Student: 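To start, I am sharing the structure in question, which I have written as structure tokens.
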Amino acid sequence: MDIPTDHLVDMYQTMVKIRRFEERIREIYLADKLPAFDIAAGLIPGEMHLAAGQEPVAVGMRPHLKVGDAITATHRPHHVAIAQGVDMKKMAAEIFGRDTGLGRGKGGHMHLFSVEPNFGCSGIIGEGMPVAVGAAMAFKNKGTDNVALSFFGEGAANQGSFHESLNLAALWNLPVVFVCEDNAYAISVPKTVSTAIADNSDRAAAYGIPGVLVANNDPVAVYEVMGEAIARARKGDGPSLIEIKTDRLWGHFEGDADAYRTDEFKTEMLARDPLSAYAKRLTEEGILNEADIASLQQAAYDEVEEAIQFAQDSPYPEPEAALDHVFAERTVTL
Amino acid sequence: MDIPTDHLVDMYQTMVKIRRFEERIREIYLADKLPAFDIAAGLIPGEMHLAAGQEPVAVGMRPHLKVGDAITATHRPHHVAIAQGVDMKKMAAEIFGRDTGLGRGKGGHMHLFSVEPNFGCSGIIGEGMPVAVGAAMAFKNKGTDNVALSFFGEGAANQGSFHESLNLAALWNLPVVFVCEDNAYAISVPKTVSTAIADNSDRAAAYGIPGVLVANNDPVAVYEVMGEAIARARKGDGPSLIEIKTDRLWGHFEGDADAYRTDEFKTEMLARDPLSAYAKRLTEEGILNEADIASLQQAAYDEVEEAIQFAQDSPYPEPEAALDHVFAERTVTL
Amino acid sequence: MTTTTSERKLTTQKAIAEAIATEMRADESVFVMGEDIGVYGGIFGATEGLLDEFGAERVIDTPISETGFIGAAIGAAINGMRPIAELMFVDFFGVCMDQIYNNMAKIHYFSGGNIEVPVVLTTAVGGGYSDAGQHSQTLWGTFAHMPGMKVVIPSNPYDAKGLMIAAIRDDNPVVYMFHKGVLGLGWMTNNPRATGAVPEEPYEVPIGKLSVAREGTDLSIATVGLSVHRALDAAEALDEKGISAEVLDLRSLVPLDREGIVTSVQKTGRLLVVDEDYHSFGMSGEVVATAIEGAFDYLDAPPVRVTTPDIPIPYSRPLEQWALPSVDRIVAAASTMLVESG
Amino acid sequence: MTTTTSERKLTTQKAIAEAIATEMRADESVFVMGEDIGVYGGIFGATEGLLDEFGAERVIDTPISETGFIGAAIGAAINGMRPIAELMFVDFFGVCMDQIYNNMAKIHYFSGGNIEVPVVLTTAVGGGYSDAGQHSQTLWGTFAHMPGMKVVIPSNPYDAKGLMIAAIRDDNPVVYMFHKGVLGLGWMTNNPRATGAVPEEPYEVPIGKLSVAREGTDLSIATVGLSVHRALDAAEALDEKGISAEVLDLRSLVPLDREGIVTSVQKTGRLLVVDEDYHSFGMSGEVVATAIEGAFDYLDAPPVRVTTPDIPIPYSRPLEQWALPSVDRIVAAASTMLVESG
Ligand SMILES: Cc1ncc(C[n+]2csc(CCOP(=O)(O)OP(=O)(O)O)c2C)c(N)n1
Ligand SMILES: Cc1ncc(C[n+]2csc(CCOP(=O)(O)OP(=O)(O)O)c2C)c(N)n1
Ligand SMILES: [Mg+2]
Ligand SMILES: [Mg+2]
């Protein structure tokens, strides 16, 4: 496949931005919690699931997306949100619990919702998959050619909602692309301990839909496979299931000692970091030179810094605002 | 396969018994509800799901079962319970809501539980499948060679618990046989409207286990397939998924107008009634003659009648007994 | 019960189906999905006739995949539709509660008010006809306990139509529970009030306001669903004993009309709560606490609860009939209350 | 809090793990399964060390298939095992509640007492550390509302061990909820009482009996879980104001020690219920109703509730801290109560 250069560059740029975002969140998250880690403390409290290493999974869809396409992501949502173009300032502000955040501080990092781009995520494994099916129903009903993409981990592929969602989408021939981010672990549980077969893409057969495996963490391969699946859905030819073997470079959440993965595994994994691998490839292919990369990086860093700064400068919501937005009208009292 | 004659005859005899049981329950159920059907009225109130036509699904396992083997069945449980040998008197008494019933009148026809034989069923679609997995875990843990069989409708194959149960059983290599009773309808919803692919047996591939289709409602075919699957499980070679195309001759529940199935469909279905078809085959093959059949029938009828009589003669539980058996010790008051 | 000038009579079941049809005609974005809601018209008839009028694109029979299709209703609602999803029996909530309480009910909050999730979740509740422990529960206490979804429970045809229209037009998730015993189905024992006057034009019954189903002065009986009729029947019997009972049909548990409860209890000085749901940790305790908080000094006697005890609903008729709140139990409890507190 | 002569101290988390280990040593049929309970030792450490001692056959890491493995626990229990299944956070109950409330909790009843289902379902509850609306709930009201399962909630190391042993030995399903804030985890803010004396030998704390965590005369504060500590802290502050608060640690919601509640309220004449669960249709209303039913004539003031309002638990620290029942809110409510009722 002949991929336009700007697409290749765009993917790299987005990967850099995602990685930088995750790195900065990590720094800030840990800064005021260590050495005696206290999950409730600091600028960013609570659980924090970061996606460093999984950038390829997210960026491959970018050039194929249209305004209005819906995405449902997981408890590890930043890479996908950034790739779809969710407002990074509001996202950072939400992660910081501020009134300017996507959810005015109510949701936090596992509950990022955006109207345009059309993004949502969730803290419950497998919860977003049926929602994507419903988004696709709405698109079909309204006669748009939008598609819905549902991201989920390989661990989620053993949750009942996976089965129900794929069956519904296939049965109703809906424009959904199911994207399994296979980072080989669900917290400490390796895929071999959770999944009866090697590749979830083979499960597509249970629904009569295409199942495609991307066997390595390569953004270009993801780009191609996503392109096909999204085009197929957009044309009205129904859903697909894609599984992408990827890597979670860090712990399941920040603070995770990650003792369940061997040093050997971790060393090998870090050696195949998709960000440096892809940079290498782009320079080798002459698409980018070192100066290009440096300036792309700078731009990305600046954008991330601006978002973080925005978050940090934003006010917290008033305590009583906790009572708002339970319903469209306020009905609750303390 | 060379099937011992007594197995062939045993299956027939059991089919006759099941059919007779269902016919008698139907008669009694409807007798005091018609013409103005009142679901709460009569000797047997509540919902009543009968399995006439699905006898082959149940009887094929009989000669392959051992003491201690566990079965979980559905809201349509009588044929399977009778085939496993659940005490027919206590079962009838439970259906009549009597104190002598399997559950002392607390459960009713959808909630039949027996210790030996090891039988249970449920009113919730897909609920029994994980329970069978757990029974198999216990067998494996204790080092017995018992197996667990889980029956479920083709409608249940789209419930999340199907997926979770098959994955667990395959993953842990447990002695479970999953038996899908495909009567082509879930209440009024035909399989084509509920299921993205034609045969649930193909879904076995999603778990790396054998999936076998019995394409017609033939007890001998069921016998063979069950034999293999049960033997495999007993040997420690893991679970199987069997789908059997069968027929629900009557409505989903008694009182169902069954308007969603065409007259043509129903006429064809009744013409292939497995009970008469199998009787014909056994006589043609010279295994039984008409006199044999008559005497088998008489024995079965007598046994059913005795059970019904037992039920009708049994006392109702005392009202206050409603408070018993919430816990092993009584703690509840009105 | 709200009064109306229309004299056309409908059963509660037909009033529900009519309300849905009305809104589907008015608003293209309304559609229905669930098990057996198409050809069959809903096991309890709530969608009767809809398939014929609106076709299979808008009246969608689903597989037995409640997590799947209720979750899909959420996704459709976020994307501009107004889905009505039917959970055939409330007893089945356990296979799909995550989508209901953690997702449908919380997205509006998580999004800081930016996203609306106008789903109506309809579901049949209640026992009394020997359908045993997995098909006879009411469980409204369970739903009302968890924030972010309104919970309405009509007891008569007029309210059924008005609450359904209000629910469909509401921009929030609304759980609409219909008690099988108030539907007026041909195949169930019914009380005469299951058929009643229903205006042909669309109208809303406001969500969050109780209705005084019968005025009285000696005690307030607060309840919901079929038990409204049990209470009304009991009130008639009590009348003969010279006891004047006011019957409150709560109609909506979320929001709960606490003011309405308190006003009535302040007037009568006594509260009897009748609840077909399990006794403990549910509606009955909440209504008692509400009265205590708002009318403590007005109470002539401690509030009393007539409920289903904390047992699975038994199958056998004598067991079940004994366990459910009956007219007799209500009459007895009210009489004792009046005797003991003068 | 029960007194003990042993001076060895453990955190609540270690006391739970020790209790499980003790019973696994004594009874071959006890095993544990759940997500990340093996190598990881449980996200909250409840199964720490078990894999090493008992191996992967008895300490089983599962896929993220809660319906599957909790259902499997039921099947194993029916067939002679005594499984402990961990639902990582109670917030996840919605994906598997059918197996819990409709199956595990009802089979004994349906079987007329012939079949026992000795499952212990362990689960982490509670908020306060900004884990937002799907990881911070307590939901004990939800579980306690539905019949057929016991519900216990330890607040300290001693009870944690004794209740776990009692739960494992109980022939009924027991839901064992541990509040993250009482575990004494290194990575959470903890109160000093999260570490305490725990005897090395096995012992049972009876299920269904509250414990008087502090004696007092002016009002009774009834609560459970982490709020026991909030209440104890509040009681100290109240002491300085000359108000003597009795703190009741309910420990078990099913069975609920109604007698214990009533006895205390009869003594103090005032009841304050503190509940981290949602305000309405839950524990707080039930405890109020219990006091009203048993001690109406002893009450000097209407009972008061300090709870989490009916909102999803918000993420942002100022929102969440404001919404959860705090020591300050308890002190304020108790003080007002005493002032108003003399
Ligand atoms: C229903 C449910 N069960 C369990 C959890 C706890 N949990 C959070 S993340 C996680 C692992 C998810 O693994 P995977 O789907 O592979 O995604 P990854 O974390 O690897 O991105 C688990 C078990 C949850 N959030 N929801
Ligand atoms: C979780 C759940 N959803 C819905 C129902 C209502 N229901 C009872 S039987 C049935 C159809 C079942 O179809 P199938 O599994 O094919 O079994 P069959 O009735 O054909 O034997 C349905 C939808 C239920 N009992 N449980
Ligand atoms: Mg993973
Ligand atoms: Mg079927």
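Naming convention: chains lettered A, B, ... in sequence-line order (proteins, then strands); numbering from 1 in each chain. When reading the values below, keep in mind they use all heavy atoms of this one structure, side chains included, and skip hydrogens, waters and symmetry mates. Computed from a predicted model, the values in this text were never measured in an experiment.
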Student: If I measure from the heavy atoms of chain B, does D/M33 come under 4.5 Å with its side chain, its backbone, both, or neither?
Tutor: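 The side chain, not the backbone.
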Student: Of all of D/P147, D/G113, D/G208, D/A77, which one pairs up most often with chain B through heavy atoms under 4.5 Å apart?
Tutor: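 Heavy-atom pairs under 4.5 Å are most numerous for D/G113.
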Student: State, to 0.1 Å, how close D/D61 and B/W172 come at their nearest heavy-atom pair, and which atoms those are.
Tutor: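 Here D/D61 and B/W172 meet closest at O-CZ2, 4.1 Å.
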Student: With heavy-atom distances below 4.5 Å as the criterion, would you say the side chains of D/I74 and B/P130 are in contact?
Tutor: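 Heavy-atom side-chain distance check fails, nothing below 4.5 Å.
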Student: Taking side chain as everything from C-beta outward and backbone as N, CA, C, O, which of these in D/F31 sits under 4.5 Å from a heavy atom of chain B? Side chain, backbone, both or neither.
Tutor: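 Side chain only.
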Student: Which region of D/V95, side chain (C-beta onward) or backbone (N, CA, C, O), has a non-hydrogen atom less than 4.5 Å from a non-hydrogen atom of chain B, or is it both or neither?
Tutor: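 D/V95 has no heavy atom closer than 4.5 Å to chain B.
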Student: Tell me, with the steps shown, if D/K150 and B/E329 meet salt bridge (Lys or Arg N to Asp or Glu O under 4.0 Å).
Tutor: CA-CA 12 Å; D/K150 300 187 177 179; B/E329 60 285 351; 2.7 Å; yes
Student: With a 4.5 Å cut-off on side-chain heavy atoms, are D/I60 and B/M137 touching?
Tutor: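 A side-chain contact under 4.5 Å exists here.
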Student: Is B/E318 atom CD crowded by more than 12 heavy atoms from other residues, nucleotides or ligands, each under 6.0 Å away?
Tutor: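 No, not enclosed.
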Student: Where the side chain of D/D171 meets the backbone of B/A328, is there a donor-acceptor pair that is under 3.5 Å apart?
Tutor: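 No: the side chain of D/D171 does not pair with the backbone of B/A328.
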Student: Using the rule side-chain hydrogen bond (donor to acceptor under 3.5 Å, both in side chains), only one of B/N118, B/N146, B/T144 pairs with D/N79; which is it?
Tutor: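 In the set B/N118, B/N146, B/T144, the residue that makes a side-chain hydrogen bond (donor to acceptor under 3.5 Å, both in side chains) with D/N79 is B/N118.
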Student: Using non-hydrogen atoms only, which part of B/L171 is less than 4.5 Å away from chain D: side chain, backbone, both, or neither?
Tutor: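 Just the side chain, heavy atoms under 4.5 Å.
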Student: Does atom OH (D/Y203) have a neighbourhood of more than 12 heavy atoms from anything else shown, all under 6.0 Å?
Tutor: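 Yes, enclosed.
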Student: Who wins among B/E127, B/M129, B/M110 for the most heavy-atom pairs under 4.5 Å with chain D?
Tutor: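 The option with the most such pairs is B/E127.
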Student: B/A70, B/G107, B/A135: which one forms the most heavy-atom pairs within less than 4.5 Å of chain D?
Tutor: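 Greatest number of close heavy-atom pairs with chain D: B/A135.
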Student: Quick one, B/N141 with D/E57, criterion side chain to side chain contact (heavy atoms under 4.5 Å, CB included). Give me CA distance, side-chain angles, the key distance, then yes/no.
Tutor: CA-CA 8 Å; B/N141 182 291; D/E57 301 271 293; 5.6 Å; no
Student: Side-chain contact test, heavy atoms from C-beta onward, threshold under 4.5 Å: evaluate it for D/N103 versus B/I124 and give yes or no.
Tutor: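 Not in contact.
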Student: Inspect the surroundings of CD in D/E259 and state if more than 12 heavy atoms from other residues, nucleotides or ligands are less than 6.0 Å away.
Tutor: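 At most 12 heavy atoms, drawn from other residues, nucleotides or ligands, come within 6.0 Å of this atom.
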Student: Name the option with the most non-hydrogen atom pairs under 4.5 Å to chain B; the candidates are D/N102, D/I64, D/V254.
Tutor: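 The option with the most such pairs is D/N102.
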Student: Kindly compute the distance separating NE2 (B/H325) from CZ (D/F110), expressed to the nearest 0.5 Å.
Tutor: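 Going from NE2 on B/H325 over to CZ on D/F110, the span is 13.5 Å.
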Student: Using non-hydrogen atoms only, which part of D/S29 is less than 4.5 Å away from chain B: side chain, backbone, both, or neither?
Tutor: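 Neither part.
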Student: Does NZ or CZ of B/K106 come closer than 6.0 Å to the centre of the six-membered ring of D/Y109, within 45° of the ring's axis?
Tutor: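 Yes, a cation-pi geometry holds between B/K106 and D/Y109.
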Student: Answer yes or no: does atom NZ of B/K66 have more than 12 heavy-atom neighbours from other residues, nucleotides or ligands under 6.0 Å?
Tutor: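 More than 12 within 6.0 Å, yes.
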Student: Any idea which of B/K140, B/H111, B/R104, B/H163 has the most non-hydrogen atom pairs under 4.5 angstrom with chain D?
Tutor: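 Of B/K140, B/H111, B/R104, B/H163, B/H111 has the most heavy-atom pairs under 4.5 Å with chain D.
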Student: Using a 4.5 Å cut-off on heavy atoms from C-beta on, say whether the side chain of B/V131 contacts that of D/Q99.
Tutor: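 D/Q99 vs B/V131: side chains touch.
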Student: Measure the spacing between CG of B/N167 and OG of D/S65 and express it to the nearest 0.5 Å.
Tutor: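 If we round to the nearest 0.5 Å, B/N167:CG and D/S65:OG are 6.0 Å apart.
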Student: Under 4.5 Å between any side-chain heavy atoms of B/K142 and D/M81, yes or no?
Tutor: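 Answer yes - side chains close enough.
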Student: Under a 4.5 Å cutoff for heavy-atom pairs, which residue among B/G101, B/A169, B/A322 has the most contacts with chain D?
Tutor: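 Sorted descending by pairs with chain D, the first entry is B/A322.
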Student: So do D/N114 and B/F113 actually touch side chain to side chain, heavy atoms under 4.5 Å?
Tutor: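 Of all side-chain heavy-atom pairs linking D/N114 with B/F113, none is under 4.5 Å.
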Student: Once rounded to the nearest 0.5 Å, what's the spacing between atom OG of B/S122 and atom CG of D/D98?
Tutor: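 Rounded to the nearest 0.5 Å, the OG-CG separation comes out at 7.0 Å.
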Student: From B/Q159 CD over to D/T67 OG1, what is the distance, rounded to the nearest 0.5 angstrom?
Tutor: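 Here the interatomic distance stands at 8.0 Å.
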